[in-house]
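Remarks on the structure that follows.
Here is the naming used below: chain letters follow the sequence lines, and residue numbers restart at 1 for every chain.
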There are 2 protein chains.
Amino acid sequence: MSKKAVVNNTPVCQVRMQGISDTMSILSGKWKFHILGTLMEGNKLGFMDLLREIDGIGSKMLSKELQDLEMNKLVSRTVMNTKPITVQYSLTEYGKTLSPLIDELAKWGIEYRQSIYKSKKN
Amino acid sequence: MSKKAVVNNTPVCQVRMQGISDTMSILSGKWKFHILGTLMEGNKLGFMDLLREIDGIGSKMLSKELQDLEMNKLVSRTVMNTKPITVQYSLTEYGKTLSPLIDELAKWGIEYRQSIYKSKKN
DNA sequence: GAAAGTAGTTTCCTCCAGGAAACCACCTAT
DNA sequence: ATAGGTGGTTTCCTGGAGGAAACTACTTTC
């Protein structure tokens, strides 16, 4: 009798792993968290605003990632009726449910950096 | 005068974005979250255990990702003094600080899947 | 002595995420 | 008319993430 997986065999764990996969699949790519994080700070932002705010991103990637996020109902795109036509990107109500996750992400990274700093002093 | 970034100019936001980048950089790749999530369930696991538990991963990637995690002090590797030599992988105390993050990740994914299911019923 | 278990390493290959730069269309102020 | 703003799209290219499969090395069981 060959050995088989045991730990993840429990349904609760399967569901948990599935959840992790789903989340990471929706938030895949280099820029999704940055875009969402930026939209959490600056409520409504235009395309060029985001291009300026997010350091290093190019227009192609920004455009593509925004489309992904819009498709998944996390970000809304509103064309404004202004003289030079402008577009407002903002988080949807559903997109805002990601706040705790992104806050945890930022928090852990900040604490990680602090722990590096402390360990260098010793 | 050309327009410049304003939202992310605040130090607090810079730090926040930096934190997100740091976390994602340490947890980069397709398998880190799965490995960590599995180690959270099954306390101490061998290499072959992990290979069986994590669906789809190959030995090369598992080996490489475990080395990454060990380098960042998130996972500990202990060679056991058994007859067929075995290795125990487990989360370090520091690695356990990722629990809230990974729980959020799993939780959001589970709720996402439920919201899809509900929207199909209507 | 052959098979099966432990824990990986090495090689070879492929695909695609992501970057750079040019381009498009439209509007406005000078 | 031309420079600069809006919001993107298109093309072309490359590095590297990741997969498959073979191989190493040692031990125990059949």
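- Side chain to side chain, A:S21 and A:S25 fail the donor-acceptor criterion of an N or O pair below 3.5 Å.
- Looking at the side chain of A:M61, the nearest of the listed nucleotides C:dT6, C:dG18, D:dG8 is C:dG18.
- Between B:I85 and A:I85, the residue whose closest nucleotide on DNA chain D is further toward the 5' end is A:I85.
- The 5' end of DNA chain C is approached more closely, in terms of each residue's nearest nucleotide, by B:F47 than by the other of B:K60 and B:F47.
- Side-chain contact of B:S76 with B:T92: a donor-acceptor pair under 3.5 Å is absent, judged by distance alone.
- Between the NZ atom of B:K64 and the C1' atom of C:dG8 there is a distance of 16 Å, given to the nearest Å.
- Note on B:T86: only backbone sugar-phosphate atoms sit closer than 4.0 angstrom, heavy atoms only; bases stay farther off.
- Nearest to the side chain of A:K83, among C:dA7, C:dT28, D:dT28, sits C:dT28.
- The side chain of B:Q67 lies closest to C:dT9, out of D:dG19, C:dG19, C:dT9.
- With A:D49 contributing its side chain and A:G46 its backbone, the two residues share a donor-acceptor pair below 3.5 Å.
- One atom, CG of B:D49, and another, P of C:dA7, lie 7 Å apart when rounded to the nearest Å.
- Residue A:G56 is classed as having no contact, given no heavy-atom separation below 4.0 Å to the nucleic acid.
- Side-chain nitrogen and oxygen atoms of A:R77 include at least one within less than 4.0 Å of the OP1 or OP2 phosphate oxygen of D:dG8.
- A close approach under 4.0 Å does occur between a side-chain nitrogen or oxygen of B:Y89 and OP1 or OP2 of C:dG8.
- The side chain of A:S63 approaches D:dG8 more closely than any other nucleotide in the set C:dG8, D:dG8, D:dG19.
- Of the side-chain N and O atoms in B:R52, none sit less than 4.0 angstrom from OP1 or OP2 of C:dG5.
- To the nearest 0.5 Å, atom CG of residue B:L69 and atom NZ of residue B:K64 are 10.0 Å apart.
- One atom, CG of B:L50, and another, C1' of C:dG5, lie 16 Å apart when rounded to the nearest Å.
- Side-chain atoms of B:S63 never come within 3.5 Å of backbone atoms of B:S59 as a donor-acceptor pair (strictly under, hydrogens ignored).
- Considering only the side chain of A:V87, D:dG8 comes nearest among D:dA22, D:dG8, D:dG18.
- Judged by distance alone, with hydrogens and angles left aside, B:T82 brings no side-chain donor or acceptor close enough to the base of C:dT6 to form a pair under 3.5 Å.
- The CG-P distance, from A:L51 to D:dT9, rounds to 13 Å in whole Å.
- B:Q88 comes within 4.0 angstrom of nothing in the nucleic acid, heavy atoms only.
- Comparing C:dG18, C:dT9, D:dG18 against the side chain of A:K30 picks out C:dG18 as the nearest.
- Nearest nucleotide to the side chain of B:S59, out of D:dG8, C:dT9, D:dG7: C:dT9.
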